[in-house]
Every structure is written in structure tokens, then in C-alpha cells.
**Student:** 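My questions all concern the structure below.
By convention in this document, chain letters (A, B, ...) are assigned in the order of the sequence lines, proteins followed by strands, and residues within each chain are numbered from 1.
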There are 2 protein chains.
Amino acid sequence: MQIGELARRARTQAETIRYYERVGLLPETARTQGNYRVYDDRHVARLSFIRHCRGLDMSLEEIRALLRFADAPDESCAGVDALLETHIEHVTRRIKTLQSLKQQLQRLRKTCAATKETRQCGILNELSAHSRPPPDAPVEHVGGTHGIRNG
Amino acid sequence: MQIGELARRARTQAETIRYYERVGLLPETARTQGNYRVYDDRHVARLSFIRHCRGLDMSLEEIRALLRFADAPDESCAGVDALLETHIEHVTRRIKTLQSLKQQLQRLRKTCAATKETRQCGILNELSAHSRPPPDAPVEHVGGTHGIRNG
DNA sequence: CTTGACCCTGTAGCCGCTACAGGGTTTTCA
DNA sequence: TGAAAACCCTGTAGCGGCTACAGGGTCAAG
């Protein structure tokens, strides 16, 4: 099968597949005479695995690590388990951050209830105040509020 | 004051300030003879405002919108309020996504409990399965699990 | 023999910075 | 006076994880 069919089967885009090859998540494949990439079912499985992990918001680095375990089946399952635990911690931390964020935003919004002009808008005043929430902790790896950068 | 002091006062980095100027969040300032940017207290206020909003995980686009309200004090506070509401929705949605993610990950981790070798690692098997969680909704704008991209 | 569907490589863009390189200016101190 | 240090400047490239082109080649059907 060629890249288009692989893309359909793994619900991805051809460009993403080529990207994964470029960054070493998918192996370089055989080519046809016309220089088209050729894939088989194992590629479908591997790509589906990757997309599944991405759906679970793992980074490509984490997935790379998982794939190393999958590729070396004699290593202990413990590594996989540990990686997953770490990832769950990241997610948990991110949830907590977002929850406190949400509270702050809601408090802020109430500030507006009274006044009705920007001139004296409580929100803007609050936001101008110097006190700031602590920055989002020693940059771990669970993204911001805005747009997961893929489709 | 010059850029370094502004940076210290607003707890930012000079490079970030120049970046904000470049993308139009901060105005272009006067310069000294030696071509150094010159700032005053209003710049501190504006930059603190921006950093505060960033601390609340707003996008620069949202902040730009807020600044427009702040710059045009006759417009209604309602716009500010609406913007905030939208942002809160983003955050709420992201929290929900992450929570369901976490559940999936925890289920996955239990799969491992029995077997102890990757060869038959339940996690890897599960992850290879074709069923995938739905992608993270029509890309709104609250980032992934990994690393808020600033300090 | 042309159309169209598919494929290729390479590069630039998204966000919000960060981190240089390679220079200039100003202050400080011997 | 002159050197070092501390500050500033512009410009460019990088992060992650793609996406979206431009500008071409290949292949099957009509």
C-alpha cells in the first residue's frame, strides 16, 4: 500500500506520516520504481499506535520511548508502566493548574458585575494590578490552554 | 528607564519585551541617542497586565483584544466580560478533556498489573489496538499536556 | 495524449517565546 | 586614558507537532 492508504487506515495525513519518518518515529520504507513509499500492515499498526498515544496527549519523545520498549520485547514491562505513571502525573498537574486558573478567571469575572463601562471596568483594573499568579511551575510538559496543535 | 529595568519590574525578560513590541502588544518607544529603548511607568503597567493575562493562560490574541478595550475606555465592559467567558469555556473544555485522558491512562496502566514482560505487555497491546479516542475536538485553543512554552 | 489522482522534496508558517551570534554603547574602576 | 564589564541593539534559528503550500514527478483511466 502507499502513503495515501496508510493515511486513511490510520486516520492521519500523508504529510504527518512523512513528518514522523523524518523525525524517526516511522522507519524509512522501501520505495517503488517511481519513488513512492511502500507500506504494509505493520506500518498501519505502528502508526495507529503512535496516533493512539498522541490522542492520549503523549509527546513524541514519550512515544519514542514506548516504541523502544515495543521494539525490544525482552525488556521489562516496568519501563512502560513507569513512563505511563510519569505521564499521568503531568496530566494531573496540568489539570490542577487549569482548575486554579479557572477559579481566578471566575473571580475576575464577578468583578465586572457592578460597573458597566470599561472606563472603570473592575476586570481591567484587577488585571493591571501588579500581583501575579506564580508562573506555571518549572516547565514540565503539559501544554497551555490554547489549541492542541494538530487535527 | 531602559529595557532591563522594565524587565525586572514586570518580571519578564528583555527579549520577551522586544518580542511583544515586534508583534504589536507594546508600542514602539522613544529611543536614546545610543538607540536604547526608553520606558516609563505606563509601560510597566501595560506589560504587567500582559504578563498577568499570560499567567491566566490567555493567548496573545485575547490579550490584544483586552488591550483594545483598555485603550478605548468608552466601550462597554460587556466585551471584556464576554471575552473572559469565552476563555473560561476554553479552560473548562480543556480540563474535561484532560480528565477523561487521565482515566484512560489509568485504565491502561492497570492492564499491566498482571504480565511482567514487554513481550506480552498489556499496555503495548492496548495501545496497538485500532480503536482510538476521538481527537481533541475541533481545535479550539487550549494547549496540550506538554509544557507551557514560556518561563 | 490528456486529464486527474496520486506521489515526491523542500520550505515556510503556526504559537510564544528563548537563545544565540555579532555587533554597538555606556558605566565603572584601575 | 584605557580596558573591562554591563548593558543594549538587530537578526536569525530553534522548540513541538504538525500543516500548507510551491513546484515538480508518476501512473492509471478515458
Side-chain angles (χ1 to χ4, degrees), chain A residues 1-8 10-26 28-39 47 50-51 53-64 90 135-136 138-151, chain B residues 1-8 10-26 28-39 47 50-64 90 94 135-136 138-151:
Chain A
M1 104 192 56
Q2 48 196 55
I3 202 167
E5 197 184 336
L6 174 57
R8 270 188 300 281
R11 288 182 210 146
T12 303
Q13 285 186 258
E15 275 149 337
T16 304
I17 296 171
R18 285 190 282 258
Y19 169 75
Y20 285 164
E21 182 185 305
R22 198 145 51 75
V23 300
L25 279 178
L26 290 176
E28 296 190 22
T29 59
R31 301 284 184 121
T32 65
Q33 274 193 324
N35 199 32
Y36 288 9
R37 288 172 181 82
V38 179
Y39 299 98
L47 181 54
I50 295 169
R51 296 307 292 172
C53 292
R54 285 292 300 138
L56 296 171
D57 228 352
M58 295 182 202
S59 70
L60 295 191
E61 246 346 288
E62 288 173 324
I63 297 171
R64 217 187 298 276
H90 292 155
D136 194 17
V139 173
E140 207 58 54
H141 98 148
V142 177
T145 300
H146 294 259
I148 211 163
R149 286 148 300 285
N150 71 69
Chain B
M1 104 190 59
Q2 47 196 57
I3 203 168
E5 197 184 334
L6 174 57
R8 271 188 300 282
R11 287 180 211 149
T12 302
Q13 286 186 256
E15 275 149 336
T16 303
I17 294 170
R18 285 191 282 256
Y19 170 75
Y20 286 162
E21 182 185 306
R22 197 147 50 76
V23 300
L25 280 177
L26 291 175
E28 297 191 23
T29 59
R31 303 282 185 123
T32 64
Q33 274 193 326
N35 199 32
Y36 288 9
R37 289 171 181 83
V38 179
Y39 299 97
L47 181 53
I50 296 171
R51 296 307 292 171
H52 193 159
C53 292
R54 285 292 300 139
L56 296 171
D57 227 353
M58 295 182 201
S59 70
L60 296 190
E61 244 348 287
E62 287 172 326
I63 297 170
R64 217 186 298 275
H90 291 155
R94 186 73 192 136
D136 194 17
V139 174
E140 207 60 52
H141 99 148
V142 178
T145 299
H146 295 260
I148 211 161
R149 284 150 299 286
N150 72 67

**Student:** Respond yes when some side-chain nitrogen or oxygen of A:Y20 is under 4.0 Å from OP1 or OP2 of D:dC18, and no when none is.
**Tutor:** yes
**Student:** Quick one: B:I63 CD1 to C:dC15 P, roughly how many Å, whole number?
**Tutor:** 13 Å
**Student:** Give the rounded distance in Å between these two atoms: CZ of B:R11 and P of C:dC17.
**Tutor:** 16 Å
**Student:** For D:dC18, take OP1 and OP2 only and decide whether either is under 4.0 Å from a side-chain N or O of A:Q13.
**Tutor:** no
**Student:** Of A:I3 and A:R22, whose closest DNA chain C nucleotide lies nearer the 5' terminus?
**Tutor:** A:I3
**Student:** Taking ring-ring contact (aromatic ring centres under 6.0 Å, His included) as the definition, give me every residue that meets it alongside B:Y19, ordered by chain and number, with sequence neighbours left out.
**Tutor:** none
**Student:** Test of understanding: with side-chain contact (heavy atoms from CB on, under 4.5 Å), list the residues that count as partners of A:Y39, not counting sequence neighbours.
**Tutor:** A:M1, A:I3, A:L6, A:I17, A:E21, A:T29, A:R37, A:H43
**Student:** I need the CZ-P distance between B:R31 and D:dC9, as an integer number of Å.
**Tutor:** 6 Å
**Student:** Reading nucleotides 24-30 of chain D 5' to 3', which nucleotides get B (base under 4.0 Å from a protein heavy atom), which S (sugar-phosphate only), which -?
**Tutor:** -BBS---
**Student:** Between B:E62 (side chain only) and B:S59 (backbone N and O only), is there a donor and an acceptor less than 3.5 Å apart?
**Tutor:**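 It does hold such a pair.
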**Student:** For a quick test of reading the model, state the closest non-hydrogen atom pair linking B:A7 to B:A14 and the distance between them.
**Tutor:** CB-N, 3.8 Å
**Student:** Answer yes or no: does a side-chain N or O of A:R18 lie under 4.0 Å from OP1 or OP2 of C:dT11?
**Tutor:** no
**Student:** With sequence neighbours left out, write down each residue that passes side-chain contact (heavy atoms from CB on, under 4.5 Å) with A:Q13, or none if nothing qualifies.
**Tutor:** A:E15, A:T16
**Student:** From the list D:dG17, D:dC21, C:dT18, which nucleotide is the closest neighbour of the side chain of A:E15?
**Tutor:**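 Ranking D:dG17, D:dC21, C:dT18 by closest atom to the A:E15 side chain puts D:dC21 first.
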**Student:** Working to the nearest 0.5 Å, report the span between CG of A:L25 and CG of A:L60.
**Tutor:**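 Going from CG on A:L25 over to CG on A:L60, the span is 5.5 Å.
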**Student:** Using whole Å, report how far CD of A:E21 lies from P of D:dG17.
**Tutor:** 18 Å
**Student:** Whole angstrom is fine here: how far is it from OH in B:Y19 over to C1' in D:dT12?
**Tutor:** 15 Å
**Student:** Figure out the CD1/P separation between B:I50 and C:dG16, and round it to whole Å.
**Tutor:** 12 Å
**Student:** Find the distance between CG (B:L26) and CD1 (B:I50) and round it off to the nearest 0.5 Å.
**Tutor:**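 B:L26 atom CG to B:I50 atom CD1 measures 4.5 Å (nearest 0.5 Å).
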**Student:** Please report the distance, rounded to the nearest Å, between CD in B:E28 and C1' in D:dT10.
**Tutor:** 13 Å
**Student:** For the helix from C:dC1-D:dG30 to C:dA30-D:dT1, what angle lies between the axis at the first five pairs and the axis at the last five pairs, to 10 degrees?
**Tutor:** 30°
**Student:** Who are the salt bridge (Lys or Arg N to Asp or Glu O under 4.0 Å) partners of B:E61, not counting sequence neighbours?
**Tutor:** B:R64
**Student:** How would you label the contact of A:R37 with the nucleic acid (heavy atoms, under 4.0 Å): base, sugar-phosphate, or nothing?
**Tutor:**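 Counting heavy atoms under 4.0 Å across all strands, the contact made by A:R37 is with sugar-phosphate only.
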**Student:** What is the distance from CD1 of A:I17 to C1' of D:dC18, rounded to the nearest Å?
**Tutor:** 13 Å
